[in-house]
Amino acid sequence: MRYLIDNFPEIMGITGTHLYLALTPLLLGLVIAVPVGVLVRRVGWLRRLTVTVANLAYTVPSLALFVIIPPLVGISTIDPLNVVIALTVYSTALLVIAVPSALDSVPAEVVDAADAVGYGPLRRTLTVDLPLALPVFVATVRVVVVTDIAMVSVGALIGVGGLGKLFTQGYQRDYPDQIVAGILVMLALALFFDRLVHLLGRWATPWTRVDARAGKGRS
């Protein structure tokens, strides 16, 4: 704790870099995965192929991606973009599997009712399917944001900034306080953003709170 207090300004600077490297891939993953997941959901063979490719992408070790990506996109290994791209791959892989599963949780009678009143596929997806799928989808988003926050630290092994620097420097200097400071800050970030995503999900789905209160009233 003493190291954390004495070096608080420096650690906050590192934390800002860490959050950029962790949250940017999450946002990019959402932008890619949501439309792709919606498009492949009703095409059986395409959905199976997407799930297979996503699972394979997620099994590739992060260090291997950090080595493979730079020559493919023409950047330096120590470029922060290297970490952003790698984590975007992982984020997209998890989210693109979650989108069809979340949409499957929408009650069939609700979908039929929307079709019956004349909703087209696009309008129904945007105003009925996706909003009702949010509670299930948010659970995966929480996993992804915590995973990204943790995995950014691996970037320190290739010289990319983030809280992982505290681990590598602490190990090299045999200074456990520095390592503990990094762990504490990373845990705090993970807990904060996990809770934030949960609260945003509840805010975006007010009907779930009404249903919960109604259930308690009946009991």
Side-chain angles (χ1 to χ4, degrees), residues 15-41 47-66 69 80-106 125 129-157 160 162-164 167 182-209 211-212:
T15 301
T17 301
H18 194 97
L19 286 177
Y20 164 75
L21 295 173
L23 299 182
T24 302
L26 172 64
L27 297 176
L28 292 175
L30 288 170
V31 170
I32 298 169
V34 171
V36 171
V38 170
L39 290 174
V40 306
R41 180 197 170 205
R47 179 173 177 173
R48 290 190 296 271
L49 177 62
T50 302
V51 170
T52 300
V53 172
N55 283 329
L56 290 174
Y58 196 73
T59 60
V60 177
S62 55
L63 282 177
L65 275 183
F66 292 155
I69 289 172
L81 186 59
N82 189 10
V83 174
V84 170
I85 294 173
L87 293 189
T88 299
V89 171
Y90 291 132
S91 299
T92 304
L94 285 175
L95 294 170
V96 80
I97 296 173
V99 171
S101 298
L103 291 172
D104 289 344
S105 70
V106 179
T125 297
D129 295 350
L130 286 175
L132 291 179
L134 269 179
V136 175
F137 184 60
V138 164
T140 300
V141 177
R142 292 173 67 183
V143 172
V144 173
V145 71
V146 171
T147 300
D148 283 355
I149 287 172
M151 291 186 66
V152 168
S153 60
V154 181
L157 297 176
V160 177
L163 292 169
F167 301 152
I183 293 173
L184 290 176
V185 176
M186 194 175 299
L187 283 175
L189 291 178
L191 290 172
F192 173 80
F193 281 97
D194 175 70
R195 188 62 180 171
L196 178 62
V197 172
H198 171 68
L199 293 175
L200 288 175
R202 285 178 58 83
W203 171 78
T205 55
W207 59 87
T208 59
R209 301 195 297 275
D211 291 344

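These figures come from a predicted structure and were not determined experimentally.
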- Message: Checking L21 against V160 for the side-chain contact (heavy atoms from CB on, under 4.5 Å) test, could you report, in this order, the C-alpha distance in whole Å, the side-chain angles of both residues, the deciding distance, and whether it holds?
- Response: CA-CA 10 Å; L21 295 173; V160 177; 3.8 Å; yes
- side-chain contact (heavy atoms from CB on, under 4.5 Å) between V152 and M186, worked out: CA-CA 10 Å; V152 168; M186 194 175 299; over 6 Å; no
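Atom CG of L134 sits about 13.5 Å away from atom CZ of R202, to the nearest 0.5 Å. Rounded to the nearest 0.5 Å, atoms CG (L199) and CZ (R195) are 4.5 Å apart. Note: L163 CG to L189 CG = 6.0 Å, rounded to the nearest 0.5 Å. Put simply, CD1 on I97 and OG1 on T140 are 9.0 Å apart, with the number rounded to the nearest 0.5 Å. To the nearest 0.5 angstrom, S105 atom OG is 11.5 Å from F137 atom CZ. Note that the CZ atom of R47 and the OG atom of S101 stand 5.5 Å from one another [nearest 0.5 Å].
A side chain to side chain contact (heavy atoms under 4.5 Å, CB included) with V96 holds for exactly one of T50, I32, V34; it is T50. With respect to V144, the side chain to side chain contact (heavy atoms under 4.5 Å, CB included) criterion is satisfied by exactly one of D148, V146, T147: D148. The residue from L87, L81, I85 that alone fulfils the side chain to side chain contact (heavy atoms under 4.5 Å, CB included) condition with V83 is L87.
Minimum heavy-atom separation, T205 to P131: CG2-O, 4.0 Å. The minimum heavy-atom distance between A57 and V89, with the atom names listed, is CB-CG1, 4.0 Å. V38 approaches V99 most closely through the heavy-atom pair N-CG1, 3.8 Å. The nearest pair of heavy atoms linking P100 to V40 is CG-CG2, 4.4 Å.
Using a distance-only test at 3.5 Å, with no hydrogens or angles considered, a donor-acceptor pair links the side chain of N82 to the main chain of F66. Judged purely by atom type and a 3.5 angstrom limit, T59 uses its side chain to pair as donor or acceptor with the backbone of L56. In this structure a side-chain-to-backbone donor-acceptor pair under 3.5 Å is missing from Y58 to S91. No donor-acceptor pair closer than 3.5 Å links the side chain of H18 to the backbone N or O of S153. Between the side chain of D194 and the backbone N or O of A190 there is no donor-acceptor pair closer than 3.5 Å.
For T24, the side-chain contact (heavy atoms from CB on, under 4.5 Å) test picks out Y20, L28, V84, with sequence neighbours left out. Every residue two or more places apart in sequence or in another chain that forms a side-chain contact (heavy atoms from CB on, under 4.5 Å) with V197 is listed here: V138, V141, R142, V145.
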